[in-house]
Amino acid sequence: MKTVFSPLHSRRHVQTELDGGLLIAPHEKPSRAETILARVKDQALGEILEPEEFGLGPITRVHTPDYVAFLETCWRDWQAEGKPGEAIPAVWAGRGMRHRVPKDIDGRLGYYSFAAETSISDGTWEAARASANVALTAQKLVAQGERAAFALCRPPGHHAHADLFGGYCFFNNAAVVAQAFRDQGYGKVAILDVDFHHGNGTQAIFYNRADVLTISLHGDPDLVFPHFLGFEDELGEGPGEGYNLNIVYPPGTPYSTWSQGLETACRRIEAFKPDALVVALGVDTFEGDPISFFKLTSADYLTLGNRLQQLGLPTVFTMEGGYDVDAIGVNAVNVMQGFDGKS
Ligand code: OKS
Ligand code: MG
Ligand code: ZN
C-alpha cells in the first residue's frame, strides 16, 4: 500500500494543551507522525509520496469559507492583540446567548471551537493545509485505481465540524476525502471511524445526507470526550435518517467485544453498497494509550486491517488519534499490513 506523508506536519508544534488545570506538553505531537513514517519505511509497506497541492476548493466543500479564513489569520490576529502565549479559546456562547461572529479574536476563537485543549500557534494553518492535501492525494491515488492508500495525516481531522475546531482537529480530512469522491462521481461513500473517540465532526457534516454513511465506534461519550455527541440514538436527520450509526463501549473493552460492533458496522456498510470507503483510523483504542480506555492489542490491528479488506472497497485510510508513541507505528502500520494480507 502507498503512503502519503508531508514533512509540513511538523509546522504544528504547539507547546500547550489545557489538561487538568495545567498547560501540559500536547499528546498530539510531531513524533507521532515521524514514528509511523519510520515504521512504514522499516516494513517496506510501499512507496511514500509527498502530497499534491489541491488548494482550498475541496476543503470548502465541507468547511465554511469564514471558518477557513479564521484559521488562516487566527495566529496573526492573536499576536496582533499582543497576547503573550498560544491561542486558546476560553469563552463560548452558552445557552441563551447569541451565536454571532464577534470581531475580537477571543470571541472568534470561541465561536469557531467546541473545546479548549487545542492550542494554536505559528504553523498550525500550514500543517492543517498539508494534512488535507495528504488526504486528498491518497484519495486521488485510489480514484486512479489503487485499491487502498494510507494518508498519514497530522494534525488529525475527525472532530472538526464545518466551522468548529477542537480535539486536536482543524480540517476534517476524512470528510474532505468522502466529499472529493462524491464530487468525482462516486455515488455513495461510507466513512468508518475506528478511532477511540466519536467522530463528531464527520457525523455532523453528513448528518442530513443519505449519500455518505457515517459510522463510529467509540468510548461512551457519557464518560469521555467529546461529551456532547456520539450517542447511539443519533441516527441522522431528514434525508440522512438511518445513515448515521454510533456504537459505544465502556471502559476496558477488548477486541473480542469491540469487533462485534465492527461486524455490525461492516454489515451496515455492505447493505449500503458504497462505491468507496474512508476509514478514520485512530489507534488510541490500544491498551497502552495514555488518554483512552479500550484494550486492543498490537496483533488486533492486523485482524482489523484484514476485516476491512474483506469489504472489497476502494479504501482511503486517514490517520486520526493514537498517543502511545512507542507503539503507534506498529499499530497503525499493522492495520495496513493486515489489509494487504499479512496475518
Ligand atoms: C481533554 C481530552 C481531549 C481529548 C481529545 C481527543 C483527541 C483524539 N483533556 N480524538 O480522536 O484522539
Ligand atoms: Mg470513533
Ligand atoms: Zn481519538
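One-based numbering, in listed order, for ligands and for the atoms of each.
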- Task: May I ask you to check whether His197 brings an N, O or S atom to under 2.8 Å from the Zn ion (ligand 3)?
- Result: yes

- Message: So that I can check it, does any N, O or S atom in Asp195 come closer than 2.8 Å to the Zn ion (ligand 3)?
- Response: yes

- Item | For the Zn ion (ligand 3), the closest N/O/S atom belonging to Asp284 | OD2

- Message: Between the Mg ion (ligand 2) and Asp195, which N, O or S atom of the residue is the nearest one?
- Response: O

- Message: What I'd like to find out is whether the side chain of Phe286 reaches to under 4.5 Å of the side chain of Phe294, using heavy atoms alone.
- Response: no

- Side chains of Val335 and Phe317: does their closest heavy-atom pair fall under 4.5 Å? yes

- Thinking salt bridges, do Glu72 and Arg129 make one under a 4.0 Å N-O criterion? no

- Metal site the Mg ion (ligand 2): N/O/S of His197 inside 2.8 Å: yes

- Verify the distance test for Glu320 against the Mg ion (ligand 2): any N/O/S atom under 2.8 Å, yes or no. no

- Taken in chain and number order and not counting sequence neighbours, the residues that satisfy ring pair (Phe, Tyr, Trp, His ring centres under 6.0 Å) with Tyr243 are Phe272

- Note on the structure: Sequence neighbours excluded, the answer for ring pair (Phe, Tyr, Trp, His ring centres under 6.0 Å) partners of Tyr111 is none

Show the distances, to 0.1 Å, for all pairs joining an N/O atom of ligand 1 and a protein N/O atom that are shorter than 3.5 Å, listing one pair per line.
residue: ligand 1; atom: 9 (N); partner: Asp19; partner atom: OD1; Å: 3.2
residue: ligand 1; atom: 10 (N); partner: His158; partner atom: NE2; Å: 3.3
residue: ligand 1; atom: 10 (N); partner: His159; partner atom: NE2; Å: 2.6
residue: ligand 1; atom: 10 (N); partner: His197; partner atom: ND1; Å: 3.1
residue: ligand 1; atom: 11 (O); partner: His158; partner atom: NE2; Å: 2.5
residue: ligand 1; atom: 11 (O); partner: His159; partner atom: NE2; Å: 3.2
residue: ligand 1; atom: 11 (O); partner: Asp195; partner atom: OD1; Å: 2.7
residue: ligand 1; atom: 11 (O); partner: Asp195; partner atom: OD2; Å: 3.2
residue: ligand 1; atom: 11 (O); partner: His197; partner atom: ND1; Å: 3.1
residue: ligand 1; atom: 12 (O); partner: His197; partner atom: ND1; Å: 3.1
residue: ligand 1; atom: 12 (O); partner: Asp284; partner atom: OD2; Å: 3.0
residue: ligand 1; atom: 12 (O); partner: Tyr323; partner atom: OH; Å: 2.5

- Message: Within the supplied structure, the quantity of interest is the number of heavy atoms (other residues, nucleotides, ligands) at a distance under 6.0 Å from Lys83 NZ; does it exceed 12?
- Response: yes

- Message: Can a side-chain donor-acceptor contact be found between Glu86 and Gln15 if the only test is distance below 3.5 angstrom?
- Response: no

- Task: Mind checking salt bridge (charged side-chain N to carboxylate O under 4.0 Å, His left out) for Glu47 and listing every partner two or more places apart, or none if nothing turns up?
- Result: Lys2

- Message: Working to the nearest 0.5 angstrom, can you tell me the gap between Ile88 CD1 and Glu17 CD?
- Response: 10.0 Å

- Asp193 OD1 to Ser216 OG via the Mg ion (ligand 2), rounded to 10°, gives 100°

